[in-house]
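Being a predicted model, the structure only gives us computed values, none of them experimental.
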2 protein chains.
Amino acid sequence: MTSTEKLGTERMNTERTPLRPTRQRTAVAQALASVDDFRSAQDIHDLLSRAETPVGLATVYRTLNALVEAGEVDMLRTEDGEAIYRRCSETHHHHLVCRSCGATIEVEGPAVERWTTAIAAEHGYSEVSHALEIFGTCGSCRS
Amino acid sequence: MTSTEKLGTERMNTERTPLRPTRQRTAVAQALASVDDFRSAQDIHDLLSRAETPVGLATVYRTLNALVEAGEVDMLRTEDGEAIYRRCSETHHHHLVCRSCGATIEVEGPAVERWTTAIAAEHGYSEVSHALEIFGTCGSCRS
DNA sequence: CGTACTTTGACAATCATTCTCAACAAGCCG
DNA sequence: CGGCTTGTTGAGAATGATTGTCAAAGTACG
């Protein structure tokens, strides 16, 4: 099988399961609420362990993925392929991430949205989505 | 260690090692030359095995990474974090990738380049780089 | 309380990628 | 041609993130 088969192809979660509110789910949500930058699932797991609310690693992954599919959390990948998560605002946006401290700023670029859609249409592509992340070194880290 | 530490931070290969031309290195290069879309390291390894020029998996990874650092190959990650590679043109560009068949078109967007740089500067970020990939369904796959 | 179903977590299992290290090939020198 | 020094290879072990397994626990609700 070529890798091309696994590109994309999401299965949309159209209000599938009832999704019960549990102690561990709220714990993960709170952990996410307590930090500003992107964290890995393992980070979240550690955070919860150090706090008074330990949650199994598998559950952290499950919850995080559920939140991502629900659109409440952003997930992106570091250059070495690790998934990192962060709570996000409702609107579509992109991220300006500091390479050294991870400080993140959400940015919007209507022009970019238009451009990607136009380019795709121009080449006959439909159902367009895109991913744009900007990396740099922030002011405080430049010292 | 928080995941934020491993964001970016490349080490540029300024003509380090002599880089000897070997049978396996040319084999990998040829395999890349023989396909148009993105392939995983494992795919390349399989390709070479099926052909008359088997190359160890570790070597495939080593060679592919070397090519990426040399700027001769593009590497990006599928949504599940797997690295996929493809030979690329010299100039900076982005990709329009078909979600189902993997067909890839290289696109350029000077406006996007300018926009990212401007946004970053505006927020005090320097040494800016960015990643932009567009996913969609191509014409032939829409049937 | 009792049944039906979801959730959890400890741990095993995957899977891509990297590391280890002994066997090898290449360039160079006399 | 031998020998030397050093980059290269590959088989297999090691790593590390992520997912699967499955019995035990939780929840909804009649």
Side-chain angles (χ1 to χ4, degrees), chain A residues 1-7 10-11 13 15-29 31 38-49 51-70 73 75-85, chain B residues 1-7 10-11 13 15-29 31 38-49 51-70 73 75-85:
Chain A
M1 67 213 72
T2 72
S3 66
T4 56
E5 295 177 14
K6 40 182 75 165
L7 286 176
E10 299 289 64
R11 154 199 37 185
N13 178 333
E15 39 83 41
R16 285 292 99 239
T17 33
L19 219 345
R20 238 172 262 178
T22 66
R23 176 183 73 71
Q24 17 285 90
R25 284 210 247 263
T26 54
V28 170
F38 281 92
R39 298 300 173 91
S40 71
Q42 314 260 357
D43 288 339
I44 300 293
H45 175 254
D46 290 349
L47 261 175
L48 293 171
S49 297
E52 65 287 345
T53 49
V55 174
L57 184 55
T59 302
V60 171
Y61 273 105
R62 278 188 289 247
T63 307
L64 246 19
N65 287 336
L67 289 173
V68 168
E69 288 192 12
V73 166
M75 182 244 263
L76 62 86
R77 301 212 173 248
T78 61
E79 302 190 7
D80 52 317
E82 191 184 13
I84 49 180
Y85 308 80
Chain B
M1 65 212 76
T2 71
S3 65
T4 57
E5 296 175 14
K6 38 182 76 163
L7 287 176
E10 298 289 65
R11 156 202 34 186
N13 180 332
E15 39 82 39
R16 289 288 102 232
T17 33
L19 220 345
R20 235 174 263 176
T22 67
R23 177 183 73 71
Q24 17 285 91
R25 284 210 247 263
T26 53
V28 170
F38 281 91
R39 298 299 173 91
S40 70
Q42 314 258 359
D43 288 338
I44 300 292
H45 175 254
D46 289 350
L47 262 175
L48 294 170
S49 298
E52 65 288 340
T53 49
V55 174
L57 184 54
T59 302
V60 171
Y61 274 104
R62 279 188 290 246
T63 305
L64 245 18
N65 287 336
L67 289 173
V68 168
E69 288 191 13
V73 166
M75 181 244 264
L76 61 86
R77 301 213 173 248
T78 61
E79 302 189 8
D80 52 318
E82 189 184 15
I84 49 179
Y85 309 80

Straight-line distance of B:Asn65 CG to B:Tyr85 OH, nearest 0.5 Å:
4.5 Å

Whether the A:Asp46 and A:Ser49 side chains hold a donor-acceptor pair (N or O, under 3.5 Å, no angle test) is what I'd like checked.
no

Hey, what do you get for CG (B:Leu57) to CG (B:Leu48), rounding to the nearest 0.5 Å?
10.5 Å

Give, for atom CG of A:Leu64 and atom CZ of A:Arg39, the distance between the pair rounded to the nearest 0.5 Å.
12.5 Å

Among the nucleotides C:dT17, D:dG10, D:dG7, whichever has the atom closest to the side chain of B:Arg25 is D:dG7

Integer-rounded Å distance: D:dA11 P and B:Tyr61 OH
15 Å

Whole-Å distance between C:dT6 P and A:Gln24 CD?
17 Å

Please state how far atom CZ in B:Arg39 lies from atom C1' in C:dA16, giving the value in whole angstrom units.
18 Å

Quickly work out the A:Asp43 CG to D:dT18 P distance and round it to whole Å.
10 Å

Presence of B:Arg23 side-chain N/O under 4.0 Å of C:dC24 phosphate oxygens OP1/OP2
no

Report the distance from atom CG of B:Leu57 to atom C1' of D:dT8, rounded to the nearest whole Å.
16 Å

Whether B:Arg20 contacts C:dG27 is assessed here as follows: a side-chain N or O lying under 4.0 Å from the phosphate OP1 or OP2. Is that the case?
no

Please report, rounded to the nearest Å, how far the P atom of C:dC15 is from the CG atom of B:Asp80.
12 Å

Send over the distance from B:Glu82 CD to C:dT14 P, rounded to a whole Å.
18 Å

Report yes if a donor N or O on one partner sits less than 3.5 Å from an acceptor N or O on the other, where the partners are the side chain of B:Arg62 and the base of D:dG10; otherwise report no.
yes

Does B:Thr59 put a side-chain nitrogen or oxygen below 4.0 Å from OP1 or OP2 of D:dG10?
yes

Below 4.0 angstrom from OP1 or OP2 of D:dT9, is there any side-chain N or O of B:Thr22?
yes

Please state whether the phosphate of C:dT17, meaning OP1 or OP2, lies under 4.0 angstrom from any side-chain nitrogen or oxygen of B:Asn65.
no

Indicate whether OP1 or OP2 belonging to D:dG16 is found under 4.0 Å from a side-chain N or O atom of A:Gln42.
no

Between CG of A:Leu64 and C1' of D:dA17 the distance, given in whole Å, is 13 Å

Just verifying a value: how many Å separate A:Met75 CE and A:Leu67 CG, rounded to the nearest 0.5 Å?
11.5 Å

